[in-house]
2 protein chains.
Amino acid sequence: MTNNITRQDFERSFCPVACALDELGDKWTLLIIRDLLLGKKRYQEFLASPERIATNILADRLKKLESAGFVRQQPYQQKPVRCQYILTQKGKDLRPVLQVLVTWGKIYYPGSRVLDAVE
Amino acid sequence: MTNNITRQDFERSFCPVACALDELGDKWTLLIIRDLLLGKKRYQEFLASPERIATNILADRLKKLESAGFVRQQPYQQKPVRCQYILTQKGKDLRPVLQVLVTWGKIYYPGSRVLDAVE
DNA sequence: CATATCACTTGCTTATTGCAAGTGATAAAA
DNA sequence: TTTTATCACTTGCAATAAGCAAGTGATATG
């Protein structure tokens with residue numbers, strides 16, 4: 001399910017940019033990926049990020065990220081079962097994208113900086 | 001207006017990724033940047049892209065891209081005045097971002113390809 | 001027994017998107 | 001001269017998504 005061609009993949013066009021934006025093109029999804037690349041794994045950790053994502057949107061995005069193959073769920077305790085989110089290879093491979101975006105952003109939003117090290 | 005710190009720049013947080021997504025985080029904006037990097041300049045050229053952007057959204061995004069300093073308007077005829085859109089340095093400097101995104105996308109959306117050469 | 005934590009879900013209001021049609025300036029064709 | 005066409009949009013409206021506050025169920029802790 002992680003790396004197959006489906007109808008979804010070519011929703012709008014055969015352009016890799018368009019395909020990527022079909023899955024990542026909003027104000028929140030890449031921030032969750034950023035957090036995952038920074039080592040965050042749990043719901044509360046994502047919620048604690050300074051952008052203050054709403055709980056319903058976080059839940060929705062995690063669901064979509066999982067069904068798009070960017071993350072998988074991994075239980076870290078029983079009673080009750082609680083899961084953390086782990087990047088797949090598809091998700092991990094976004095690191096260079098975030099890196100160049102950070103490089104660009106630090107130039108054009110002077111004073112901005114990443115919490116920890118995506119870079 | 002192109003490279004100043006404003007309130008807008010830190011809408012959600014001081015993270016360069018969040019700042020970038022405040023201006024670029026949707027399904028259409030980066031596709032217009034892609035087209036501009038590919039050499040497209042005019043309204044009708046953007047409309048002709050395979051993703052079929054709606055006219056109201058294109059007009060809205062071009063307006064926002066201009067006020068965010070990614071593009072500027074340049075008249076190419078009088079009677080009636082018609083303008084084309086030219087990337088600023090801020091816009092041009094997104095090329096590496098698009099390049100790594102394309103590299104990533106060609107792996108994870110096999111069969112996808114860019115119309116011309118962003119890469 | 002009361003309070004707290006975690007990972008959500010639900011309800012509701014507001015904002016954004018997508019689609020079709022229309023507009024105004026001008027040129028070219030019938 | 002009336003019609004048709006092009007270009008760069010704008011307008012209206014229905015559908016979808018976002019944002020906010022509150023609630024839920026399982027469990028642990030005081």
Side-chain angles (χ1 to χ4, degrees), chain A residues 8 10-13 18 21-33 35-36 39-68 70-87, chain B residues 8 10-13 17-18 20-33 35-36 39-68 70-87:
Chain A
Q8 283 287 81
F10 299 113
E11 244 169 69
R12 290 188 294 177
S13 77
L21 292 177
D22 284 336
E23 297 185 330
L24 302 168
D26 72 351
K27 288 205 184 316
W28 293 109
T29 304
L30 276 179
L31 291 180
I32 299 172
I33 301 275
D35 283 352
L36 286 158
K40 296 190 180 186
K41 291 176 174 56
R42 296 184 190 179
Y43 202 84
Q44 291 297 326
E45 295 182 285
F46 304 129
L47 281 184
S49 287
E51 294 85 12
R52 317 309 333 264
I53 189 170
T55 56
N56 54 345
I57 298 184
L58 176 58
D60 175 78
R61 292 305 185 280
L62 287 171
K63 211 169 286 173
K64 286 178 177 165
L65 280 173
E66 194 182 8
S67 69
F70 288 91
V71 301
R72 61 189 170 77
Q73 274 186 288
Q74 183 185 61
Y76 67 90
Q77 71 164 45
Q78 304 298 325
K79 296 182 45 184
V81 179
R82 297 222 182 286
C83 289
Q84 53 193 10
Y85 294 88
I86 308 292
L87 283 171
Chain B
Q8 284 285 81
F10 298 113
E11 244 170 68
R12 290 189 294 177
S13 77
V17 179
L21 292 177
D22 284 336
E23 297 186 330
L24 303 168
D26 73 351
K27 288 207 183 315
W28 294 109
T29 304
L30 276 178
L31 292 180
I32 299 173
I33 301 275
D35 283 353
L36 285 159
K40 296 189 180 186
K41 291 176 175 58
R42 297 184 190 179
Y43 202 85
Q44 290 298 325
E45 294 181 286
F46 304 130
L47 282 184
S49 287
E51 294 85 13
R52 317 309 333 263
I53 190 170
T55 56
N56 55 342
I57 298 184
L58 176 57
D60 176 79
R61 293 305 186 279
L62 287 171
K63 211 170 286 175
K64 286 178 177 166
L65 280 173
E66 193 182 10
S67 68
F70 288 90
V71 300
R72 59 187 171 78
Q73 274 185 288
Q74 182 184 63
Y76 66 90
Q77 71 165 45
Q78 305 299 325
K79 297 184 41 184
V81 179
R82 297 223 183 286
C83 289
Q84 53 192 10
Y85 294 88
I86 307 291
L87 283 171

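The chains referred to below are lettered A, B, ... by the order of the sequence lines, with proteins before strands, and numbering in each begins at 1. What you are looking at is a predicted structure, and each value in this text was computed from that prediction instead of being measured.
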Exercise. Do side-chain atoms of B:Arg12 reach the backbone of A:Lys27 as a donor and acceptor pair under 3.5 angstrom?
Worked result: yes
Exercise. Side-chain contact, heavy-atom cut-off 4.5 Å: B:Leu31 with B:Ile53?
Worked result: no
For this session: Grab the CG-C1' distance between A:Leu62 and C:dC8 for me, whole Å please.
Result: 10 Å
For this session: Please determine if a side-chain N or O atom of B:Trp28 lies less than 4.0 Å away from the OP1 or OP2 oxygen of C:dT16.
Result: no
Problem set entry | Rounded interatomic separation in angstrom, taking CD from A:Gln84 and C1' from C:dA7 | 13 Å
Exercise. Could you state the CG-P distance from A:Asp22 to C:dG18, rounded to the nearest angstrom?
Worked result: 10 Å
For this session: Check each of A:Gln74, A:Glu45, A:Arg72 against A:Gln84 using the side chain to side chain donor-acceptor pair (under 3.5 Å) test, and report the only one that passes.
Result: A:Gln74
For this session: Could you tell me the separation between the CG atom of A:Leu58 and the P atom of D:dA18, rounded to a whole number of Å?
Result: 13 Å
For this session: Would you mind building the protein contact string for nucleotides 21-27 of chain D? One character per nucleotide, 5' to 3', B for base within reach (heavy atoms under 4.0 Å), S for sugar-phosphate only, - for untouched.
Result: -B---BS
Exercise. Which part of the nucleic acid, if any, lies within reach of B:Arg61 when heavy atoms closer than 4.0 Å are counted: base, sugar-phosphate only, or nothing?
Worked result: sugar-phosphate
Problem set entry | Partner set under side chain to side chain donor-acceptor pair (under 3.5 Å) for A:Gln73, not counting sequence neighbours | A:Tyr85
Exercise. Is any side-chain N or O of B:Tyr43 closer than 4.0 Å to OP1 or OP2 of D:dT10?
Worked result: no
Seminar exercise, completed: B:Ala54 has its side chain closest, among C:dT9, D:dA8, C:dC19, to C:dC19
Problem set entry | Separation of atom CZ in B:Arg52 from atom P in C:dC19, rounded to whole Å | 10 Å
Seminar exercise, completed: Note: for B:Arg42 and A:Ile57 on DNA chain D, the residue whose nearest nucleotide lies more 5' is B:Arg42
Exercise. Can you check whether B:Trp28 reaches A:Leu21 side chain to side chain, under 4.5 Å on heavy atoms?
Worked result: no
Seminar exercise, completed: To the nearest angstrom, the CG-P distance between A:Asp60 and D:dA17 comes to 9 Å
Exercise. When all nucleic acid strands are considered with a 4.0 Å heavy-atom cut-off, which category describes B:Phe46: base, sugar-phosphate, or nothing?
Worked result: nothing
Exercise. For A:Lys63 and C:dA7, what is the distance between atoms NZ and C1' respectively, to the nearest whole Å?
Worked result: 11 Å
Exercise. A:Lys40 NZ to C:dA7 C1': how many Å, rounded?
Worked result: 16 Å
For this session: Take A:Tyr76 and A:Arg42 through the test side-chain contact (heavy atoms from CB on, under 4.5 Å) and record every step on the way to the result.
Result: CA-CA 10 Å; A:Tyr76 67 90; A:Arg42 296 184 190 179; 3.2 Å; yes
For this session: Would you classify A:Tyr76 as touching base, sugar-phosphate or nothing, given that sugar-phosphate means primed atoms plus P, OP1 and OP2, and contacts are heavy atoms under 4.0 Å?
Result: sugar-phosphate
Exercise. Within the side chain of B:Gln44, is there an N or O that forms a donor-acceptor pair under 3.5 Å with the backbone of B:Leu47?
Worked result: no
